[in-house]
Structures are given as C-alpha cells and as structure tokens.
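Working notes for the structure below.
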Amino acid sequence: MELHRKPVNAVVSSIPSGKYSKTKSSHSQQTSLHLTNTVFFTFFFSVAYFLLHQWRDKIRTSTPLHVLTISEISAVVSLIASVIYLMSFFGIGIIFNPFAVNYDEEDEADIAKNSGSCLAGVSPEIPPLPSKVSVKNVDPAPAPVVILSSDDEEIVRAVISGSIPSYSLESKLGDCKRAALIRNQVVERVTGRSLEGLPMEGFDYDSILGQCCEMPIGFVQIPVGVAGPLLLDGKEYTVPMATTEGCLVASTNRGCKAIYVSGGASAVVLRDGMTRAPVVRFSSAKRASQLKFYLEDPQNFDSLSHTFNKSSRFARLQSIKATVAGKNLYIRFTCSTGDAMGMNMVSKGVQNVLDFLQNDFSDMDVIGISGNFCSDKKAAAVNWIEGRGKSVVCEAVIKEEVVKKVLKTSVESLVELNMLKNLTGSAMASALGGFNAHASNIVSAIYLATGQDPAQNVESSHCMTMMEAVNDGKDLHISVTMPCIEVGTVGGGTQLASQSACLNLLGVKGASKETPGANSRQLATIVAGSVLAGELSLMSAIAAGQLVKSHMKYNRSSKDVSKVAS
C-alpha cells in the first residue's frame with residue numbers, strides 16, 4: 001500500500017490545480033506566482049512603451065523601422081518573452097501545443113482515474129529523430145540586420161540632419177571602412193530603399209581614398225573569366241576578362257585556340273602618344289592664327305618641349321597641332337607618358353605651356369584645359385585618323401583545316417561576311433571607327449579586369465577588321481587595326497588588389513624597369529590580340545549560323561528564377 005501512496009503524493013504536489021489550494025505548499029506557490037505575474041506585466045508594458053516611443057521618433061526622422069539598435073533588439077526579445085509567459089499563464093497553451101486540441105473533460109477524468117498508477121509521472125516515449133535531416137527545401141537564413149554602435153547611430157543622424165557632410169566622413173573618422181558603412185546606412189534611411197546585396201566586407205576602402213572613388217557605400221562584384229592561351233609574338237598569355245555577358249569568354253577562348261594551332265598572331269605598336277587639347281580665345285581670328293603659326297614652327301618646338309617636359313620625368317612632348325575656329329584656337333598636344341595612361345601627366349604639361357605662352361601672348365584667354373579636340377571618351381574622327389594612346393595593328397593567318405574544324409565554317413564565307421557586315425554594313429550606318437563585329441566587348445572586359453578607365457572604351461574600341469583569302473584561297477588572313485588603345489599599368493585602378501592581380505597574370509604589372517612604357521605597350525598588343533580572337537570567333541559563329549544557338553546555351557540561366565525570387 002505504501003508503494004502506491006508515494007507516487008500519488010508526487011503527482012498531486014506537481015499539479016497546480018484549485019483543488020489543492022488549501023495546502024501549505026500551494027499558498028507559497030500562489031504567492032510566488034503573483035509576484036512573477038506582476039514582474040512580467042510591468043515588464044510587458046514598460047518595454048511596449050519604450051518601443052512605441054522609439055518607433056515614433058524613427059517615423060519622424062524617416063528612419064526605417066527594421067534598422068534596430070542593440071537596446072531595441074533587447075526590448076523586442078523581452079517583449080516576446082513577456083507575451084509568451086502571459087499567454088501560457090492565461091491558459092492559451094493550445095497555441096504552442098497542437099497535440100492538446102482534442103483535450104476535454106473526458107481526458108481529465110482519465111487522468112484522475114489513472115493518477116494512482118506507478119506510471120503517472122512518466123512522460124510518453126518520444127520516437128527518435130531520423131539520423132539525416134534533409135535541408136534541400138529549407139529557406140536560406142535572412143540577411144543579418146546591420147547593428148550600429150551608439151556612436152555610429154549618432155553620426156548617422158548627424159549626416160541625415162546635414163550637420164556632418166557625407167563627403168567628410170573619411171577625414172573626420174579616420175576610418176574609411178567605418179565611413180563607408182555609416183554612409184551606406186544613411187543612404188538606406190534617406191531613400192527608404194534597401195541596399196541588401198551590395199557587399200561591404202572584403203574590400204580595402206583605404207586603397208581608393210583620394211584616387212579611385214568618392215563617398216563609397218560598398219562595391220559591385222563582376223565575375224572574371226580567362227581566355228587563352230593567346231599566342232602573340234611567340235609568347236603565351238592567359239587573358240583575364242571581367243564581364244556579365246555569357247558566351248563572351250567562351251567565344252574569345254575559341255578564337256585564341258584557332259590562332260594558337262595556326263601558329264599564333266603578331267602585333268605592332270604604330271604610335272604611342274596621349275593627347276590633350278585646350279581651347280584659347282583672342283580678340284581676332286588673325287591673332288589666333290599668329291599663335292597657330294608660332295606653335296607649329298619647328299624652331300619653337302625645343303623651347304615648348306622643354307617647358308612641357310618639366311611636368312614629369314616620363315612626359316615627352318611629341319607634337320603640337322593647332323586648328324582655328326574663328327577667334328578660337330584648339331591646340332592638340334601629343335606626348336609619351338611611360339607606363340601610365342597619362343591623362344593627368346599630359347594635362348600638367350599643357351598647363352605649363354599655357355603659362356609660358358602668356359609671356360608673348362598676354363591677350364590669350366584660356367577658355368578650358370580641354371576643348372574636346374583631344375578627344376577623350378568620345379567617338380571622334382581626329383582619334384580615328386591621328387590616333388590616341390597606342391595605335392596597334394594585329395594579324396594572323398588561320399589555316400584552312402582550322403577554319404573548318406575549330407571555327408566550323410569556310411574561308412570564303414568569312415571573307416564575304418566581313419565585307420558585307422564589317423565594311424559595307426558599317427559604311428551604310430555611317431559608323432565612326434566601328435568597322436568590326438564586337439571589339440568593344442573584349443576591350444571593356446579586359447579594361448574592367450585590369451583597372452583601366454572603362455569610359456575610354458569609347459575610342460579604344462575603334463577598330464577595322466579585315467579578312468582575305470591567302471595561299472591560293474585556302475587560308476584566311478585576318479587583321480585588326482586599332483588606332484586608339486588607351487591603357488596604362490600604373491596609376492588609377494591598376495593599383496587595386498584585384499586589378500593588380502590580373503595585370504600580374506599578364507606579366508605587365510607596374511612600370512617597366514628596363515624600358516619606360518614597355519608594359520603599357522605590351523598590354524595594348526594583348527588587347528588587340530584578344531580582339532582579333534573575339535572577332536574571328538564571332539564572325540565564324542555568324543557565318544555558320546550558330547550565334548543564336550550558342551547564346552541560348554551560354555547566355556541564359558538554367559535556374560528557376562521564380563523560385564530564386566521567392
């Protein structure tokens with residue numbers, strides 16, 4: 001009998017029912033329960049009031065409600081905990097226990113009936129979990145909420161109010177990454193637009209300060225592929241290409257293969273000179289003409305060159321060409337710039353010459369250091385004819401069997417297509433420097449990968465592609481003539497870690513120690529050789545009728561976009 005009474009007492013003492021409120025232990029339990037309820041009620045209303053007050057301030061300052069401080073996160077957690085406790089206390093446990101849905105008075109009677117059992121206090125056995133859990137359909141974890149310190153929150157509010165200029169964060173904080181993070185949050189709150197997906201981590205923000213980008217809020221990722229090996233002038237190059245256009249790298253790679261098995265390509269740098277053309281004005285066209293004659297007089301070139309070359313140990317003035325337009329004079333200076341692309345270098349030299357000319361032409365009014373006769377980042381006939389940067393011609397002879405087996409077409413078809421498309425078709429469109437299939441595709445991809453100025457793709461992509469049958473019509477001679485490849489291996493974006501790595505892959509990183517300018521000239525020939533490969537492959541795809549098929553294969557995602565979006 002004693003064996004059955006002890007477990008019954010244990011069960012009775014564990015049930016907080018009104019039937020046992022007269023016992024001494026139940027009085028102490030009720031007292032502690034009242035205290036606990038009071039604490040959670042107070043906690044609930046205090047936290048709710050705090051959060052409502054905070055959210056009211058955020059609405060007034062147009063701050064997104066989802067951006068939480070540490071104190072607000074703690075308050076939300078406390079509020080949820082209070083709600084769970086209060087709901088469970090008032091008997092809403094059904095929400096948290098779906099197995100209690102069918103619980104009724106009959107079940108209570110069964111419990112009372114079996115309360116004397118030796119198994120009364122034993123929980124039912126829980127079946128074991130499966131050894132492997134599939135995570136195939138599990139939703140990805142939500143993006144982490146950006147949590148700022150109280151100091152950074154104060155700075156964010158100051159920037160939003162205008163008391164601290166956004167552009168001055170780097171100088172005031174002395175921490176470029178922290179400045180970018182704060183500016184990122186300011187942009188989100190002011191615009192009300194999420195910047196989720198724009199990465200912040202993994203970038204050296206100190207490396208761009210004062211030279212590459214102002215007021216950064218993150219960085220954009222562009223995948224880098226490689227084409228090659230490109231066999232050019234007896235050397236093999238693995239060409240990095242940064243692009244989001246599917247099929248581009250694959251196509252260029254096929255062109256490189258065709259060139260390689262045919263013995264390689266060769267390139268020649270015809271000219272190497274960066275230009276800058278200021279515009280000046282006089283009181284009469286006659287006076288403007290006098291300066292033109294002075295600048296183009298060979299006897300004055302030495303003094304002008306000496307003045308110009310003071311700007312840099314690499315700047316060397318090559319020529320001056322002046323053009324009159326009424327009372328205005330446009331002066332196009334051309335100079336070598338070593339391994340730098342050279343825009344800043346030539347601009348400093350031009351400024352030196354303009355200051356020097358003021359001695360004899362004091363009535364000269366300098367309107368602008370650049371008068372668009374340079375011509376920078378614009379399609380212009382002066383660049384197409386005179387050249388700008390590196391002027392390069394690259395050629396290769398592709399064997400007949402390679403054309404058939406690798407390129408899947410014929411020499412005759414390529415020659416005919418090139419004449420009707422790249423030459424006649426472009427002439428019908430009045431193209432300026434656009435006598436090619438897609439030179440800008442390859443130029444842009446290599447420029448992005450190696451830290452060049454992507455806007456200079458405009459004139460750098462000027463290209464004339466020519467094809468003709470040689471060796472009794474069996475083989476194909478292909479060439480690209482590019483008069484305006486503007487590249488450098490020092491300065492600007494070339495010093496960033498990713499771009500520097502791509503230059504190192506090509507063997508042209510930094511300045512040439514033996515011959516100033518050799519690395520940048522070599523990079524220009526690599527660009528031309530890669531364009532040659534790209535032109536060869538794309539023209540072959542068009543001639544063989546494979547363009548649409550290849551783009552459907554390599555330029556279309558196979559993912560279910562609707563599932564990714566959800």
Side-chain angles (χ1 to χ4, degrees), residues 222-232 236-262 264-265 267 394-399 401-411 413-418 420-422 425-426 434-450 454 457 460-467 476-480 482 485 502 505-506 525-558:
I222 304 179
V224 178
V226 290
L230 171 66
L231 183 57
L232 180 66
E236 295 182 8
Y237 300 96
T238 300
V239 183
M241 302 175 68
T243 181
T244 56
E245 181 182 350
C247 206
L248 177 59
V249 177
S251 178
T252 307
N253 190 65
R254 183 174 76 149
C256 289
K257 179 181 178 180
I259 293 172
Y260 191 98
V261 296
S262 295
C394 185
E395 65 180 343
V397 175
I398 310 300
K399 297 177 181 178
E401 58 268 25
V402 175
V403 173
K404 292 180 179 179
K405 294 181 180 180
V406 177
L407 302 176
K408 312 299 182 183
T409 186
S410 65
V411 173
S413 298
L414 283 172
V415 172
E416 182 182 27
L417 177 63
N418 185 74
L420 295 178
K421 171 182 167 62
N422 289 341
S426 296
F435 297 89
N436 59 82
H438 70 148
S440 61
N441 256 338
I442 292 87
V443 172
S444 296
I446 297 177
Y447 273 28
L448 289 172
T450 59
N457 166 68
S460 295
S461 296
H462 283 358
C463 173
M464 177 176 286
T465 300
M466 303 189 71
M467 298 182 186
L476 175 73
H477 180 275
I478 177 173
S479 67
V480 291
M482 306 180 69
I485 301 180
C502 290
L505 177 63
L506 293 171
T525 62
I526 294 172
V527 171
S530 302
V531 168
L532 185 75
E535 291 285 282
L536 181 61
S537 183
L538 177 59
M539 292 293 288
S540 298
I542 296 175
Q546 298 174 339
L547 180 64
V548 175
K549 182 179 178 181
S550 61
H551 271 267
M552 290 300 101
K553 180 178 180 180
Y554 294 104
N555 201 18
R556 290 293 183 272
S557 175
S558 59

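Just so we're clear, the structure is a prediction, and the values are computed from it rather than from any experiment.
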**Message:** If you apply the rule side-chain contact (heavy atoms from CB on, under 4.5 Å), what do you find for L505 with V239, and how did you get there?
**Reply:** CA-CA 8 Å; L505 177 63; V239 183; over 6 Å; no

Just to verify, what does [X] make a side chain to side chain donor-acceptor pair (under 3.5 Å) with, not counting sequence neighbours?
| X | result |
| --- | --- |
| T252 | none |
| T238 | none |
| S440 | none |
| N457 | S444, S461 |

Just wondering, do [Y] and [X] contact through their side chains at under 4.5 Å, heavy atoms?
| X | Y | value |
| --- | --- | --- |
| F435 | C463 | no |
| K421 | M539 | yes |
| M464 | N436 | no |
| H462 | M482 | no |
| L414 | S540 | yes |

**Prompt:** Does the pair K408 and R254 meet the rule for a side-chain contact (heavy atoms from CB on, under 4.5 Å), with working shown?
**Reply:** CA-CA 11 Å; K408 312 299 182 183; R254 183 174 76 149; 4.3 Å; yes

Roughly how far apart are [X] [atom1] and [Y] [atom2], rounded to 0.5 Å?
| X | Y | atom1 | atom2 | value |
| --- | --- | --- | --- | --- |
| S530 | Y237 | OG | OH | 10.5 Å |
| I526 | I446 | CD1 | CD1 | 8.0 Å |
| I398 | L536 | CD1 | CG | 5.0 Å |

For residues [X] and [Y], report the shortest heavy-atom separation together with the two atoms involved.
| X | Y | answer |
| --- | --- | --- |
| G228 | N253 | N-OD1, 2.9 Å |
| A543 | T409 | CB-OG1, 3.5 Å |
| A396 | A265 | CB-CB, 3.9 Å |
| V249 | G225 | CG1-C, 4.3 Å |
| V224 | P240 | CG1-CB, 4.1 Å |

For [Y], is there any backbone N or O sitting under 3.5 Å from a side-chain donor or acceptor partner on [X]?
| X | Y | value |
| --- | --- | --- |
| E535 | A437 | yes |
| S537 | S251 | yes |
| H438 | L538 | no |

**Prompt:** With sequence neighbours excluded, what pairs up with K405 under the salt bridge (charged side-chain N to carboxylate O under 4.0 Å, His left out) test?
**Reply:**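 With sequence neighbours excluded, K405 shows a salt bridge (charged side-chain N to carboxylate O under 4.0 Å, His left out) to no residue whatsoever.
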
With [X] via side chain to side chain contact (heavy atoms under 4.5 Å, CB included) - residues at least two apart:
| X | value |
| --- | --- |
| E236 | P229, L231, Y260 |
| A267 | L232, D233, V392, C394, T525 |
| A445 | M241, T243, L248 |
| K257 | V406 |

**Greater than 12 external heavy atoms within 6.0 Å of M467's CE** =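 Yes, enclosed.
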
**Item:** Over 12 foreign heavy atoms within 6.0 Å of CD, E401
**Value:**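 Buried by this count: over 12 neighbours within 6.0 Å.
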
**Request:** Would you check if there is a donor-acceptor pair between the side chains of S413 and S410 at a distance under 3.5 Å?
**Result:**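 Yes, side-chain donor-acceptor contact under 3.5 Å.
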
**Asked** Could you go step by step and tell me if K404 and V411 meet the side-chain contact (heavy atoms from CB on, under 4.5 Å) rule?
**Response** CA-CA 8 Å; K404 292 180 179 179; V411 173; over 6 Å; no

